[in-house]
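What you see is a predicted model, and the numbers here were worked out from it, not measured in a lab.
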Amino acid sequence: MPESVPDTASIAPITPSAPPPGAEPPPPPPVSDKATTAAAPTTTGLRLTFAPGASDLSPESSSSIKQLTEAAPPGDATTFNVLAYAPGKADDPSTARRVSLSRAMAVRSALVADGVPSARIFVRALGEQFGDGPPDRVDLSVTGANAPASPAPTAATSR
């Protein structure tokens, strides 16, 4: 039997930290003045509709995403869910997945550029599994404590 109690190890909790000094800012999202992406508020966030095969954000849709992130409550309990869809052909399902992934990553890039930590963003590229909504879209929802019911409509989101 040991004659003394061993020292207890302590581990400091992991806390989110600011980027190290001198770190590069995240790359900007793919925004194009020629993009026709439109954003509309939903009960849980935004629905972004894209032109067929397109994945760039319009300046208006990028602004709508920024407004949504600013309205979201701060803290680790808030998460952003990005569900991306694209139509495809029965003989080539991978194209739909690739297009939906490109759209999801464009929205993710906009969220990161707006200051959302990447650990709070959950991306799913679902390709042809678009359900009842339009096939060329991304549904962005905010979940967590005190998440906004929907962003206030603005000129950029009321198309």
Side-chain angles (χ1 to χ4, degrees), residues 12-87 96-159:
I14 298 174
T15 56
S17 61
E24 289 187 33
V31 176
S32 170
D33 291 332
K34 296 177 184 177
T36 58
T37 307
T42 64
T43 57
T44 59
L46 290 174
R47 172 168 283 174
L48 299 129
T49 53
F50 291 80
S55 61
D56 286 348
L57 299 172
S58 65
E60 293 83 12
S61 61
S62 181
S63 175
S64 295
I65 293 169
K66 184 171 186 67
Q67 290 173 4
L68 180 69
T69 61
E70 289 172 350
D76 294 335
T78 304
T79 59
F80 294 81
N81 298 300
V82 180
L83 302 175
Y85 308 91
R97 291 291 298 264
R98 284 194 306 269
V99 171
S100 66
L101 180 61
S102 293
R103 292 172 177 168
M105 296 310 290
V107 171
R108 180 190 177 283
S109 293
L111 291 168
V112 169
D114 293 338
V116 176
S118 61
R120 292 179 32 214
I121 303 170
F122 298 94
V123 172
R124 292 186 64 200
L126 299 170
E128 296 182 80
Q129 303 172 20
F130 48 84
D132 295 331
D136 288 300
R137 76 176 194 276
V138 169
D139 291 332
L140 172 59
S141 62
V142 181
T143 58
N146 302 319
S150 68
T154 64
T157 60
S158 59
R159 291 185 175 222

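For the pair S58 and T37, the tightest heavy-atom approach, listed with the atom from each and the gap, is OG-O, 2.7 Å. The nearest pair of heavy atoms linking P134 to R47 is CD-NH1, 3.6 Å. R103 and P135 get closest at one heavy-atom pair: NH1-O, 4.1 Å. Residues A104 and A84 share a closest heavy-atom pair of CB-CB, 3.7 Å. Between A96 and E128, the closest heavy-atom pair is CB-CG, 3.7 Å.
Taking CZ of F80 as the start and CZ of R120 as the end, the distance is 5.5 Å to the nearest 0.5 Å. Residue D136 holds its CG atom at 8.5 Å from CZ of F130, rounded to the nearest 0.5 Å. In this structure, NZ on K66 lies 8.5 Å from OG on S62, to the nearest 0.5 angstrom. Taking CG from D33 and CD from E60, the interatomic distance works out to 8.5 Å, rounded to the nearest 0.5 Å. Atom CG of L126 is separated from atom CG of L83 by 6.0 Å, given to the nearest 0.5 angstrom. Here the straight-line distance linking atom CD1 of I121 with atom CE of M105 works out to 9.0 Å at 0.5 Å rounding.
A donor-acceptor pair is defined here as one N or O able to donate and one able to accept, closer than 3.5 Å; such a pair exists between the side chain of S102 and the backbone of R98. A donor-acceptor pair is defined here as one N or O able to donate and one able to accept, closer than 3.5 Å; no such pair exists between the side chain of R137 and the backbone of Y85.
Under the side chain to side chain contact (heavy atoms under 4.5 Å, CB included) test applied with L68, the options L111, V116, L140, D114 reduce to a single match, L140. Just one residue in the list T36, D56, L57, V99 forms a side chain to side chain contact (heavy atoms under 4.5 Å, CB included) with F50, and that residue is L57.
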Hey, mind stepping through L48 and I65 against side-chain contact (heavy atoms from CB on, under 4.5 Å) and telling me if it holds?
CA-CA 9 Å; L48 299 129; I65 293 169; 4.3 Å; yes

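Partners of R108 according to the side chain to side chain donor-acceptor pair (under 3.5 Å) rule, which considers only residues two or more places apart in sequence or in another chain, do not exist here.
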